[in-house]
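Below is one structure, written out as structure tokens; comments come after it.
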Amino acid sequence: MTSLAAHEPSAPTPVQSAVAIRGLTHRYPKSQRPALDGVDLDIPAGTMFGILGPNGGGKSTLFRIMTTLLRPTAGSVAIFDADVLTRPALVRRYLGVVFQSPSLDDELSVAENMRHQGHLYGLAGRELTERASVLLTTFGLAQRVRDRAGTLSGGLKRRVEIAKALLHRPRLLVLDEPTSGLDPTVRQDLWRCLTELRDRDGMTIVL
């Protein structure tokens, strides 16, 4: 007699959370109301997730806590099960971060900006050169490697910023208003690049 259990569907494999937030609260000194008040949030790995809200809604505060730049008043944030307060160095290894304000050195070339970013993560030599070359080609920057960053358009600068953030092969890419100030065509190109990172590489992207 065939066992009934043999015909039962197996339980689905649980999806790992790239970001797990529990009871997150933050209050700035002298503020009458908290910037974040008991936030609970799970972001599944391998997804593109947008955090929307008005100015002053707490988005940047959440961004800073997730990236270990700000200690919360209460609650917890874990990036791939690594707590941002107790294991910040590991969290930073998991993260690629693109800030709203440009972080490129305008006086350095595109290649030099990439090289200095790589050094921050212990990359050097052939490994760094090859990774930078692949990323710059992917983002359509192969012909601009010798150009000073200050001569690039806003859209090209944003592409260099993302290429920099991906040098150490992060598991989670966090972008703070990445399309701010970009024209519609450049925005479409950027969305296309981000979608490819999610679909091809399984990267988690939070905007």
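Just so we're clear, the structure is a prediction, and the values are computed from it rather than from any experiment.
The two residues G23 and D40 make their nearest non-hydrogen contact at N-OD1, 2.6 Å. Closest approach of L167 to G118, counting heavy atoms only: CD1-N, 3.7 Å. In terms of heavy atoms, T61 sits closest to A35 at OG1-CB, 3.8 Å. The shortest heavy-atom contact between K59 and I51 is CD-O, 3.6 Å. Among all heavy-atom pairs drawn from A45 and F80, the shortest one is CB-CE2, 4.0 Å. Taking each heavy atom of A163 and L135 in turn, the nearest pair found is O-CD1, 3.4 Å.
Remark: R131 engages E127 in a salt bridge, criterion side-chain N to carboxylate O under 4.0 Å. Ion pairing between K157 and D106 holds under the 4.0 Å rule for side-chain N and carboxylate O.
A donor-acceptor distance shorter than 3.5 angstrom exists from the side chain of E112 to the backbone of S109, with no hydrogens or angles considered. Of the possible donor and acceptor atoms, none in the side chain of S31 sits under 3.5 Å from a partner among the backbone N and O of R27.
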- Message: If you apply the rule side-chain hydrogen bond (donor to acceptor under 3.5 Å, both in side chains), what do you find for T68 with R92, and how did you get there?
- Response: CA-CA 8 Å; T68 75; R92 292 175 195 136; 2.9 Å; yes
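In this structure, I79 CD1 and S17 OG are separated by 10.5 Å, a value rounded to the nearest 0.5 Å. Rounding to the nearest 0.5 angstrom, the gap separating the CZ atom in R144 from the CG atom in L141 is 8.0 Å.
Follow the hydrophobic side-chain contacts under 4.5 Å out from L108 and you never reach L120; the two are in separate clusters. Hydrophobic clustering keeps I205 apart from L172 (ILVMFWY residues linked when any side-chain heavy atoms are closer than 4.5 Å, directly or through intermediates).
By the neighbour-count criterion of 12 heavy atoms within 6.0 Å, atom CZ of R200 is densely surrounded, having more than that number from other residues, nucleotides or ligands. Within 6.0 Å of CZ on R22 lie more than 12 heavy atoms contributed by other residues, nucleotides or ligands.
Sorted by first and then second residue, the ring-ring contact (aromatic ring centres under 6.0 Å, His included) pairs with a member in residues 128-169 read Y121-H168; sequence neighbours excluded.
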